[in-house]
*Asks:* 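One structure coming up, written as structure tokens, with questions to follow.
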Amino acid sequence: MSLDLPYTRYLAPDGRPVAELPGWADDFNLLTRLYRQMVLTRLFDLKAVALQRTGRIGTYAPTLGQEAIGVALGSLMQREDVLVPYYRDTAVQLLRGVRMEEILLYWGGDERGSDFVEPLAAQDFPICVPIATQALHACGVATAFKVRGEHRVAVTTCGDGATSKGDFLEALNVAGAWQLPVVFVVNNNQWAISVPRRIQCGAPTLAQKALGAGIHGEQVDGNDILAVHDRLRHALERARHGKGPVLLECLSYRLGDHTTADDATRYRSAEEVRQAWQEEPVKRLQAFLVAQGVWDEGREQALLADCQVEVQRAVENFEAAGVQPLGSVFEHVYARWPAALAEQREMLEERLARRQGGEHHE
Ligand SMILES: [Mg+2]
């Protein structure tokens with residue numbers, strides 16, 4: 001069974017246009033900003049993996065190869081919109097104003113990593129690790145927008161594997177039934193940890209899951225930031241103006257491990273990964289910009305140097321943050337404290353006081 005859903009691609013893997021470009025594609029200020037952000041995300045990502053490998057953070061879910069999706073999304077969301085992310089959203093979070101050191105704190109197990117300092121990001125949700133549950137949270141946020149009559153959009157993200165979960169399908173259903181201002185962005189990176197897309201789901205596309213819920217669904221080449229940006233812009237406008245939810249399936253490839261706790265060489269071939277590198281989004285936009293005469297080796301080197309400085313500064317801030325007190329595990333969970341939790345915190349404080357007393361006598 002094949003359903004004829006729209007699929008958009010503007011740039012071939014070598015950066016050459018394969019379709020008539022959207023009008024905004026000659027806005028080279030915008031395109032070089034998007035390019036810069038993809039490069040910054042990639043360098044930060046590599047650093048985060050290195051920090052995990054040297055034991056400075058607990059784990060990390062790399063964005064490598066999927067930068068176009070998050071950068072397009074982060075650059076298009078309005079201030080008043082709300083991001084309800086999953087765990088592979090470094091690119092979007094950075095553009096929402098989440099600080100690099102906060103992302104490192106989060107993956108280092110520090111609550112301050114989800115307590116965003118930037119007011120713009122403060123309304124966004126923290127990273128959701130349980131698979132697909134965030135899709136329902138986004139529908140709750142979108143329901144609030146609709147009830148209040150606000151022109152805001154809740155945007156939620158997930159991977160290909162999450163679309164098999166009941167939570168995801170239930171979220172699509174309620175979004176369609178109530179015509180909620182919500183956009184579902186699926187990063188179909190071909191792998192759900194070690195489960196390949198072809199055995200994950202029998203449907204020819206993940207986008208067509210939208211149809212069963214009565215909402216609009218389409219696919220884009222997730223390695224082509226022009227395509228992702230163009231279709232996401234339409235999706236956000238549609239949701240913002242009361243025209244209903246959208247499911248956008250972005251076809252990408254996870255060039256790195258699922259997380260730093262994974263070893264992808266155990267279940268996929270080096271040849272498959274080598275092929276996927278030919279399609280990756282950063283080189284693709286770079287080739288397009290070079291062909292347009294707005295990018296060159298000098299600009300590239302200056303950009304890399306700038307980004308390295310920015311990443312290094314964030315690492316220094318992260319390392320200067322110090323260790324949180326143990327009691328912080330109770331913070332940021334409830335606005336009003338349940339009695340049971342207050343009791344547990346008292347127990348912890350007593351135990352810590354006793355331990356300190358014990359050390360004192362030694
Ligand atoms: Mg995946």
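In listed order, ligands and their atoms are each counted from 1. Sequential numbering from 1 along the given sequence is applied to the chain's residues.
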*Asks:* Using the rule salt bridge (Lys or Arg N to Asp or Glu O under 4.0 Å), only one of K47, R99, R36 pairs with E310; which is it?
*Replies:* R36
*Asks:* Could you confirm whether W191 has any N/O/S atom lying under 2.8 Å from the Mg ion (ligand 1)?
*Replies:* yes
*Asks:* Over 60° means perpendicular and under 30° means parallel, so tell me whether F288 and F28 are parallel, tilted or perpendicular.
*Replies:* tilted
*Asks:* Can you establish whether the number of heavy atoms outside E20 located under 6.0 Å from its atom CD is more than 12?
*Replies:* no
*Asks:* Would you tell me whether Y60 and D45 have side-chain atoms, one donor and one acceptor, within less than 3.5 Å of each other?
*Replies:* yes
*Asks:* When you measure from the Mg ion (ligand 1) to each N, O or S atom of D160, which atom gives the shortest distance?
*Replies:* OD1
*Asks:* For the Mg ion (ligand 1), does an N/O/S atom of N187 lie at less than 2.8 Å?
*Replies:* no
